[in-house]
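Everything on this sheet refers to the single structure shown next.
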2 protein chains.
Amino acid sequence: MTDRRDNGGTDDLEAALRGAGLRITRQRRVILAILAGGDDHPDALALFRRAARQDPSISLSTVYRTMKVLEERGAIQRHTFEGGPARFEPADGVHHDHLIDLDSGEVIEFRSERIEKLQDEIARELGYEIVSHRLELYGRRRK
Amino acid sequence: MTDRRDNGGTDDLEAALRGAGLRITRQRRVILAILAGGDDHPDALALFRRAARQDPSISLSTVYRTMKVLEERGAIQRHTFEGGPARFEPADGVHHDHLIDLDSGEVIEFRSERIEKLQDEIARELGYEIVSHRLELYGRRRK
DNA sequence: GATAATAATGCAAATCATTTGCAAAAAGAA
DNA sequence: TTCTTTTTGCAAATGATTTGCATTATTATC
Ligand SMILES: [Mn+2]
Ligand SMILES: [Mn+2]
Ligand SMILES: [Zn+2]
Ligand SMILES: [Zn+2]
């Protein structure tokens with residue numbers, strides 16, 4: 001058994017690039033590691049700053065370009081919550097939706113089989129087939 | 001009984017402005033009529049073009065400024081569907097969500113009591129109270 | 001209706017997030 | 001290593017929306 005430690009999904013992301021015949025550059029490696037390692041939803045600037053700590057030569061353009069290819073390959077999800085810039089997260093696990101705490105800005109993930117099913121039903125009734133959807137709840141802590 | 005014809009809710013929008021001590025200008029009147037009259041979800045540029053037909057002196061800035069005050073007063077809803085610019089619609093009737101036809105771009109409105117309720121439940125379970133939400137389905141016609 | 005105080009407008013310039021052209025650098029195949 | 005192709009950093013361009021400012025219009029008041 002080899003010494004394989006949990007890399008948080010970096011391999012999946014790298015595979016997504018390799019599979020598309022794209023190259024694994026030093027800067028991409030750094031960005032992928034950050035994406036796979038974090039458990040939040042950073043925007044391009046946040047990714048850039050974190051990446052720059054490991055590789056000061058990295059540019060914001062590269063972050064944007066990398067997000068684009070990863071999204072095209074379906075390796076990451078792009079979210080655009082009210083107001084703010086686009087935010088990203090690896091698209092590994094199962095699908096989930098988000099609840100945004102209006103006071104703290106915190107993003108909470110949730111998943112409801114029932115809602116997912118209802119959405120399908122609604123679309124079907126309207127004669128449609130869902131390709132994707134976006135469900136975001138904005139609220140505040142209940143006291 | 002006076003000769004009151006259906007103005008499609010222009011009065012509501014005007015009231016929203018008046019009520020906030022804001023002024024009813026010629027350009028605002030035009031914009032409000034277009035908003036209240038249409039049954040679609042135009043973006044600022046579309047509103048501007050339609051308004052310009054009635055009043056060529058109107059500016060895009062004014063459209064944006066008017067949308068902002070109307071939104072602040074809760075008189076209109078602002079939507080930002082995937083990709084595109086912000087789109088608007090009067091916030092008269094009951095709340096509804098949207099299904100966007102990926103092929104035609106058509107925006108279909110729907111309303112599901114059950115989904116609305118489920119969202120509340122989910123938020124409650126997470127210890128939150130929903131202030132607003134956004135549910136958008138993107139799909140294609142089922143053949 | 002004229003008047004004065006204040007809000008709204010048009011225009012151009014500014015902002016913000018994101019994209020793009022291009023020459024230089026790096027990656028991968030041979 | 002060499003060659004071909006992709007990727008990068010940088011600066012400039014975009015697209016949507018906002019803003020400063022001088023001018024104009026609206027509304028409360030007389
Ligand atoms: Mn998430
Ligand atoms: Mn609608
Ligand atoms: Zn979902
Ligand atoms: Zn809803």
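Each chain gets a letter, A, B and so on, in the order the sequences are listed, and its residues count up from 1. Values reported hereafter were calculated over all heavy atoms of this structure, with side chains retained and with hydrogens, waters and symmetry mates removed.
A chain of hydrophobic side-chain contacts below 4.5 Å, direct or via other Ile, Leu, Val, Met, Phe, Trp or Tyr residues, connects L135(B) to L126(B).
Between H98(A) and H79(A), the two ring planes are perpendicular [angle over 60°; tilted spans 30° to 60°].
With rounding to whole Å, L22(B) atom CG is found 15 Å from dA25(D) atom C1'. As rounded to whole Å, 11 Å separates atom P of dT7(D) from atom CD of E72(A). The separation between H79(A) atom NE2 and dA17(C) atom C1' is 18 Å, rounded to whole Å. For the pair F81(A) CZ and dA17(C) P, the computed distance is 16 Å after rounding to whole Å. Separating the CD atom of E71(A) from the P atom of dT18(C) is a distance of 11 Å, rounded to the nearest angstrom.
Taking the nucleotide of DNA chain D with the nearest heavy atom to each of R28(A) and A86(B), the more 5' of the two is matched to R28(A). In terms of position on DNA chain C, the residue among F88(A) and T25(A) whose nearest nucleotide sits closer to the 5' end is F88(A). Positionally, the nearest nucleotide of DNA chain D for G84(B) lies more toward the 5' end than for the other of R29(B) and G84(B).
Formation of a donor-acceptor pair under 3.5 Å by the R142(B) side chain with backbone atoms of R124(A) is found in this model. Side chain of Y138(B) to backbone of E82(B): a donor-acceptor contact under 3.5 angstrom is found. A donor-acceptor pair under 3.5 Å is absent between the side-chain atoms of R134(A) and the main chain of R134(B), judged by distance alone.
Side-chain contact, E109(B) with H41(B): a donor N or O sits under 3.5 Å from an acceptor N or O.
Taking 4.0 angstrom as the limit, Q27(A) places a side-chain polar atom (N or O) nearer than this to OP1 or OP2 of dG9(D).
Applying the side-chain contact (heavy atoms from CB on, under 4.5 Å) rule to A44(A) yields the partners L60(A), V63(A), Y64(A), F88(A); only residues at least two apart in sequence or on another chain are considered. With sequence neighbours left out, R23(A) forms a salt bridge (charged side-chain N to carboxylate O under 4.0 Å, His left out) with no residue at all.
DNA chain C is contacted by S57(B), I58(B), S59(B), S61(B), T62(B), R65(B) of residues 53-69 of chain B, taking any non-hydrogen atom closer than 4.0 Å. Within residues 40-50 of chain A, no residue approaches DNA chain D, by heavy-atom distance under 4.0 Å.
Minimum heavy-atom separation, A36(B) to P90(B): CA-CG, 4.5 Å.
Ionic pairing of R111(A) and E113(A) is present here: one or more N-O contacts between side-chain nitrogen and carboxylate oxygen are shorter than 4.0 angstrom.
Side chain of P85(A), nearest nucleotide from dA17(C), dT7(D), dG28(C): dA17(C).
Applying the side chain to side chain donor-acceptor pair (under 3.5 Å) test to every pair with at least one member in residues 43-53 of chain B, sequence neighbours left out, gives these pairs: D40(B)-R50(B).
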Close N/O contacts between protein and nucleotides 3-5 of chain D (under 3.5 Å):
unit_1, atom_1, unit_2, atom_2, d
dT5(D), O2, R23(A), NH1, 2.6
dT5(D), O2, R23(A), NH2, 2.9

